[in-house]
Visitor: 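A single structure is presented below for examination.
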Amino acid sequence: MPELPEVEHLRRSLGPHILGARVTSAALHRPDICTHAAPGTPASRALLAGECISATRRLGKQLAIMTPSGRTLCIHLGMSGQLLVNPRTPAGGLTHVHASWELAHPSGTVVRLLFRDPRRFGGLWTFPRADLLDAHWAHIGPDALAITGEHLHRHEGARARPIKSALLDQALLAGVGNIYADEALFRAGLAPQRSGRTLTPDNWHALAATLRTLLAEAVEAGGTTLRDYRDADGRTGNAGAAHAVYGRAGHPCLRCGTTLETAMISQRTTVWCQQCQR
DNA sequence: AGGCGATCCTGAGGGC
DNA sequence: TGCCCTCAGGATCGCC
């Protein structure tokens with residue numbers, strides 16, 4: 001499922017295909033996956049038909065497509081969402097395509113864009129003005145690529161919940177999902193069930209630094225290899241081999257050899273090393 | 001009020 | 001080989 005690195009990699013790979021192009025048509029095939037900030041606007045118009053694409057933005061796991069008029073499309077991939085550019089699969093060969101666009105570049109190149117999401121945990125938001133995207137994002141925490149120890153300490157330092165739960169809370173920081181939460185805690189040497197109020201300022205700084213490094217590495221690697229993820233060019237990520245704990249419960253810790261533990265924390269499978277994480 | 005659990009949905013993959 | 005069951009996951013809502 002896409003987390004921050006996958007979405008950032010997607011954003012970067014999408015740029016050459018969509019920036020500077022005009023949306024010649026847009027269609028919403030499943031209205032219930034889309035939230036309109038301006039009800040009454042035709043779906044094709046809300047989905048940027050007639051607009052030029054001038055920029056992309058990202059906060060955490062959400063991707064936004066911007067236009068000079070301010071009309072904005074925000075995309076959340078959930079866990080099985082894909083944004084496909086010129087898929088080779090013939091039309092009708094893809095199931096669960098909930099929205100589609102046709103774009104035309106000044107050069108004449110035509111691009112077909114599809115939003116596909118089998119499990120429908122993802123979705124779209126449309127905004128008639130860019131400031132409404134900012135309002136939509138106002139309740140989400142700072143992006144995990146730039147997270148600081150000060151922020152984590154200030155907002156989580158007195159709380160009782162397990163730090164694994166905190167890392168998954170998009171209001172605290174944006175972009176970390178189950179995989180990178182476990183990986184970051186392993187690298188930082190912190191046990192996932194530790195309460196926030198037991199961490200020292202140094203612990204928070206180490207955790208923030210680990211998150212920034214880990215996520216930046218994963219962005220460069222093109223995101224994790226998970227069954228549903230493809231970038232805009234249809235490629236899978238290749239950071240899967242780098243996972244130290246995620247998906248490795250019962251296997252030896254890569255650092256000390258101790259058998260990795262697993263438990264449910266916040267309804268999420270959590271894997272950690274009892275020896276390396278305290 | 002904070003923390004936890006249920007819920008949505010589909011397909012991959014394991015077991016028989 | 002084929003079928004069935006379990007599990008995976010983000011975010012939201014309701015309950016304690």
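Throughout, a chain's letter reflects where its sequence line sits, starting with A, and its residues are numbered from 1.
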Visitor: So, using salt bridge (Lys or Arg N to Asp or Glu O under 4.0 Å) as the criterion, who are the partners of Asp202(A) when residues are at least two apart?
Guide: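 With neighbours one apart ignored, the set is empty.
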Visitor: Is there a side-chain contact between His96(A) and the phosphate of dG11(B), meaning an N or O under 4.0 Å from OP1 or OP2?
Guide: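 So the side chain of His96(A) is within the cut-off, an N or O lying under 4.0 Å from OP1 or OP2 of dG11(B).
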Visitor: Without decimals, in angstroms, what is the distance between Asp169(A) CG and dG2(B) C1'?
Guide: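 Nearest whole value for this atom pair: 11 Å.
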Visitor: Does any part of the side chain of Leu124(A), heavy atoms only, come nearer than 4.5 Å to the side chain of Phe115(A), both counted from C-beta?
Guide: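 Sidechains of Leu124(A) and Phe115(A): in contact.
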Visitor: In this structure, how many angstroms lie between the C1' atom of dA11(C) and the NE2 atom of His136(A), rounded?
Guide: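 Atom NE2 in His136(A) sits about 11 Å away from atom C1' in dA11(C).
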Visitor: My understanding is that only residues two or more places apart in sequence, or in another chain, count here; which of them pass salt bridge (Lys or Arg N to Asp or Glu O under 4.0 Å) with Arg12(A)?
Guide: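 Salt bridge (Lys or Arg N to Asp or Glu O under 4.0 Å) list for Arg12(A), sorted by chain: Glu8(A), Glu220(A).
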Visitor: Which residue pairs pass the ring pair (Phe, Tyr, Trp, His ring centres under 6.0 Å) test when at least one of the two sits in residues 155-176 of chain A, sequence neighbours left out?
Guide: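 Those involving residues 155-176 of chain A are His151(A)-His155(A).
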Visitor: Hydrophobic clusters join Ile, Leu, Val, Met, Phe, Trp and Tyr when side-chain heavy atoms are under 4.5 Å apart, directly or via other members; which others share one with Met66(A)?
Guide: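 Hydrophobic cluster check, Met66(A): joined to Leu59(A), Trp125(A), Phe127(A), Leu132(A), Leu133(A), Trp137(A), Ile140(A).
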Visitor: Between P on dA11(C) and NE2 on His76(A), what's the gap in Å once rounded to a whole number?
Guide: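 About 4 Å, once rounded to whole Å.
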Visitor: Starting from C1' on dA8(C), measure out to NE2 on His243(A) and report it in whole angstrom.
Guide: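 Computing the His243(A):NE2 to dA8(C):C1' distance gives 14 Å.
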Visitor: How many Å lie between CD1 on Ile140(A) and C1' on dA11(C), as a whole number?
Guide: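 That distance rounds to 11 Å.
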Visitor: By the salt bridge (Lys or Arg N to Asp or Glu O under 4.0 Å) test, which pairs, at least two apart or in different chains, include something from residues 17-26 of chain A?
Guide: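 Residue pairs with at least one partner in residues 17-26 of chain A: there are none.
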Visitor: Based on the rotation axes of five pairs at each end, what angle does the helix from dG2(B)-dC16(C) to dC16(B)-dG2(C) bend through, to 10°?
Guide: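 End axes: 50° apart.
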Visitor: In whole angstrom, what separates Lys164(A)'s NZ from dG9(C)'s P?
Guide: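 Computing the Lys164(A):NZ to dG9(C):P distance gives 8 Å.
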Visitor: Residues two or more places apart in sequence or in another chain: which of them pass salt bridge (Lys or Arg N to Asp or Glu O under 4.0 Å) with Glu51(A)?
Guide: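 Result, salt bridge (Lys or Arg N to Asp or Glu O under 4.0 Å) vs Glu51(A): Arg45(A), Arg71(A).
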Visitor: What is the distance, to the nearest angstrom, from the CG atom on Leu172(A) to the C1' atom on dG10(C)?
Guide: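 Rounding to the nearest Å, CG of Leu172(A) and C1' of dG10(C) are 16 Å apart.
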Visitor: Can you give one letter per nucleotide of nucleotides 3-8 of chain B, going 5' to 3': B for a protein heavy atom under 4.0 Å from the base, S for sugar-phosphate only, - for none?
Guide: S-SB-B
Visitor: Counting only heavy atoms from other residues, nucleotides and ligands, does the tally under 6.0 Å from NE2 of His251(A) exceed 12?
Guide: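 Atom NE2 in His251(A) is not packed in, count stays at 12 or less.
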Visitor: Quick one: list whatever passes salt bridge (Lys or Arg N to Asp or Glu O under 4.0 Å) with Lys164(A), sequence neighbours left out.
Guide: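 Only Asp182(A) meet the salt bridge (Lys or Arg N to Asp or Glu O under 4.0 Å) criterion with Lys164(A).
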Visitor: Over how many whole Å does the gap from Leu4(A) atom CG to dG10(C) atom P extend?
Guide: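 Result: 13 Å.
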